[in-house]
Amino acid sequence: MKLNPNYSSLKSSYLFIDIAHRVAAYKEKNPAADIIRLGIGDVTLPLAQPVVKALQEASAEMGEAETFHGYGPEQGYPFLRQGIAGYYAARGITLAQEEIFVSDGAKSDIGNILELFSPDNTVLIPDPVYPAYVDANLMDGRKIIYAPATKQNGFLPLPDNSVKADIIYICSPNNPTGAAYTKAQLAQWVNCATKNEAVILFDAAYECFVSSPDVPRSIYEVEGAKECAVEICSLSKTAGFTGTRCGYTIVPNTLFANGQSLNKMWNRRQTTKYNETPYIVQRAAAAVFTPEGLAACHKNIEYYKNNAGVIGKVLDQASVWYSGGINSPYIWMECPNGMDSWQFFDLLLEKANIVGTPGAGFGNNGNGYFRLTGFGNAEKTVEAAARLKAFLSTL
Ligand code: PLP
């Protein structure tokens with residue numbers, strides 16, 4: 001028996017454990033401290049009513065012989081695939097049902113899709129970014145190169161002609177930086193992938209937060225993307241499904257590599273290794289794409305965006321540089337006075353009793369930056385913003 005040797009190249013991920021330890025140590029010394037958490041990347045509002053209703057009705061169906069559902073199609077039920085196709089059609093993107101694969105969330109597909117590609121490929125990953133891309137590729141032993149995201153490029157790296165990669169990850173709007181590519185910028189990536197016969201893996205997990213008209217919510221808004229890009233999306237942030245679990249991956253029929261259809265390969269992979277998202281969850285997900293579902297989810301998204309706006313306003317007033325907030329629930333701020341991410345974390349905890357996430361946890365270029373999120377309670381966010389303002393004025 002031989003283990004996968006690539007696991008030994010994974011770095012231990014202590015980010016959230018370190019945060020928890022530091023907060024616990026502070027709490028022990030200061031038991032009365034009223035700590036506000038603006039570090040969370042999880043949603044906090046409950047599921048929308050149309051979604052809850054669909055869950056209840058589907059659960060009742062499962063308890064009756066006439067309406068019980070056993071195994072369903074591995075790719076997802078037609079009612080949900082149609083709902084997703086309609087969601088895209090409303091934005092002018094035409095998808096065939098067989099191009100849409102329902103899953104239990106984006107994280108699984110981000111890792112699983114790599115099975116279609118040889119470990120010999122070189123992967124280009126933005127730095128900083130959602131850490132799962134790096135780890136999933138390290139596990140396969142793939143060579144990783146990084147696209148540096150910095151304050152100078154607005155945390156939106158563009159193709160570098162001197163760098164050749166076979167697989168390109170794009171996360172827009174980005175976690176943690178909140179930065180989102182314009183259509184013209186995304187077109188540069190599509191051109192680069194087309195020229196180099198590379199595949200783009202586009203993570204659209206935060207598409208629902210986009211409000212700028214020039215920022216695409218799907219890579220398929222860019223001409224040529226259906227020939228070079230897979231899009232992975234999730235209902236986690238769109239509809240609060242972080243604990244309910246549902247996502248989807250789009251593999252266009254026109255996407256070929258080395259003469260092979262990636263759609264057919266992914267279909268083969270899913271039918272072999274995935275036995276569909278639970279029926280009741282798919283019914284709940286389908287309710288998201290109804291007019292009532294979309295309206296209710298939109299309200300929650302606005303709530304989170306408003307929170308991010310409250311934090312952003314304080315930073316504007318204090319002239320602190322940040323990205324995000326407009327098309328994202330995340331605010332990615334530069335730590336004041338050249339502090340590193342963890343110095344700022346400790347100081348903010350001690351002086352303002354606010355917990356955020358040190359940017360260093362998302363990649364080397366994250367050091368010196370700090371992520372605050374709009375996923376908290378609105379009143380608490382207002383209180384935190386007031387504390388942040390007072391704290392920044394002392395620096
Ligand atoms: N992609 C990004 C960029 C994320 O930030 C997250 C979760 O925070 C995910 C994917 C995971 O989504 P899911 O809950 O669908 O697995």
Side-chain angles (χ1 to χ4, degrees), residues 13 15-16 19 37-45 47 51 76 80 84 87 100-114 123 125-137 147 149 155-157 168-181 186 200-210 215-219 229-250 274 277-278 281-282 284-285 288 297 300-301 304 308 323-324 327-332 356-357 359 361-363 366 371-376:
S13 171
L15 178 64
F16 289 98
I19 291 173
R37 291 172 193 274
L38 294 185
I40 41 168
D42 197 354
V43 294
T44 52
L45 292 173
L47 293 173
V51 173
L80 177 53
I84 296 166
Y87 186 56
I100 302 165
F101 295 84
V102 176
S103 72
D104 62 357
K107 196 180 199 176
S108 318
D109 283 357
I110 284 165
N112 294 338
I113 196 87
L114 292 171
V123 187
I125 300 180
D127 167 16
V129 82
Y130 181 56
Y133 310 158
V134 171
D135 284 356
N137 279 286
F155 285 91
L156 293 168
I168 300 167
Y169 278 89
I170 300 178
C171 180
S172 180
N174 181 286
N175 176 15
T177 70
Y181 286 106
L186 272 186
I200 292 175
L201 301 179
F202 186 78
D203 186 340
Y206 295 93
E207 58 82 20
C208 61
F209 289 93
V210 170
V215 171
R217 285 167 53 195
S218 162
I219 192 150
V230 168
E231 180 158 304
I232 299 172
C233 199
S234 165
L235 294 190
S236 284
K237 310 294 154 83
T238 308
F241 271 51
T242 51
T244 309
R245 310 304 307 145
C246 190
Y248 52 91
T249 286
I250 295 161
Y274 190 61
T277 307
V281 173
Q282 291 195 57
V288 170
C297 291
N300 292 353
I301 291 160
Y304 296 136
S323 58
N327 297 305
S328 165
Y330 298 125
I331 298 272
W332 178 253
T357 311
F362 298 96
R371 191 189 76 174
L372 296 169
T373 89
F375 283 127

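No experiment lies behind these values; they were computed from the predicted model shown. First listed ligand is number 1; within each ligand, the first listed atom is number 1.
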**Prompt:** Can you find an N/O atom of K107 closer than 3.5 Å to an N/O atom of ligand 1?
**Reply:** yes

**Heavy-atom pair with the smallest gap, counting every atom of R371 and F362** = NH1-CZ, 3.7 Å

**atom 3 (C) of ligand 1 [closest protein heavy-atom partner, distance rounded to 0.1 Å]** = D203 OD2, 3.2 Å

**Item:** Side chain to side chain, E207 and C233, heavy atoms closer than 4.5 Å
**Value:** yes

**Asked** Tell me, which protein residue and heavy-atom name are nearest atom 11 (C) of ligand 1, and how many Å apart are they?
**Response** Y130 OH, 3.4 Å

**Request:** Run the numbers for me: atoms of ligand 1, each under 4.0 Å from some heavy atom of R245, listed by number.
**Result:** 13 (P), 14 (O), 15 (O), 16 (O)

**Request:** Check whether any side-chain N or O of S234 sits under 3.5 Å from a backbone N or O of G105 as a donor-acceptor pair, and report yes or no.
**Result:** no

**Complete:** In ligand 1, the atoms that come under 4.0 Å of a heavy atom of S236 are 13 (P), 14 (O), 15 (O)

**Prompt:** Does S172 use its side chain to pair, donor to acceptor, with the backbone of N174 at less than 3.5 Å?
**Reply:** no

**Prompt:** Is there any N or O on N175 that sits under 3.5 Å from an N or O of ligand 1?
**Reply:** yes

**Item:** Close-contact set for ligand 1 against Y206 heavy atoms, below 4.0 Å
**Value:** 2 (C), 3 (C), 4 (C), 5 (O), 8 (O)

**Request:** With atom 15 (O) of ligand 1 as the reference point, say which of P176, G243, P329, S234 has the nearest heavy atom.
**Result:** S234

**Request:** Indicate yes or no: at least one non-hydrogen side-chain atom of T177 is less than 4.5 angstrom from one of P128.
**Result:** yes

**Asked** Looking only at heavy atoms, which two atoms of P157 and A147 are closest? And how far apart?
**Response** CG-O, 3.8 Å

**Fill in**
for atom 7 (C) of ligand 1, nearest protein heavy atom and its distance come out as K237 NZ, 3.5 Å

**Item:** C171 neighbourhood, listing ligand 1 atoms whose heavy-atom distance to it stays under 4.0 Å
**Value:** 3 (C)

**Message:** Just to be sure I read this right, does ligand 1 sit under 4.0 Å from the backbone of F241, its side chain, both, or neither, counting only heavy atoms?
**Reply:** neither

**Request:** Classify the angle between the aromatic ring planes of F209 and Y206 as parallel (below 30°), tilted (30 to 60°) or perpendicular (above 60°).
**Result:** tilted

**Asked** Do the side-chain N and O atoms of Y274 and N112 include a donor-acceptor pair separated by under 3.5 angstrom?
**Response** no

**Item:** Taking atom 12 (O) of ligand 1 as the reference point, the nearest protein heavy atom with its distance
**Value:** A106 CB, 3.7 Å

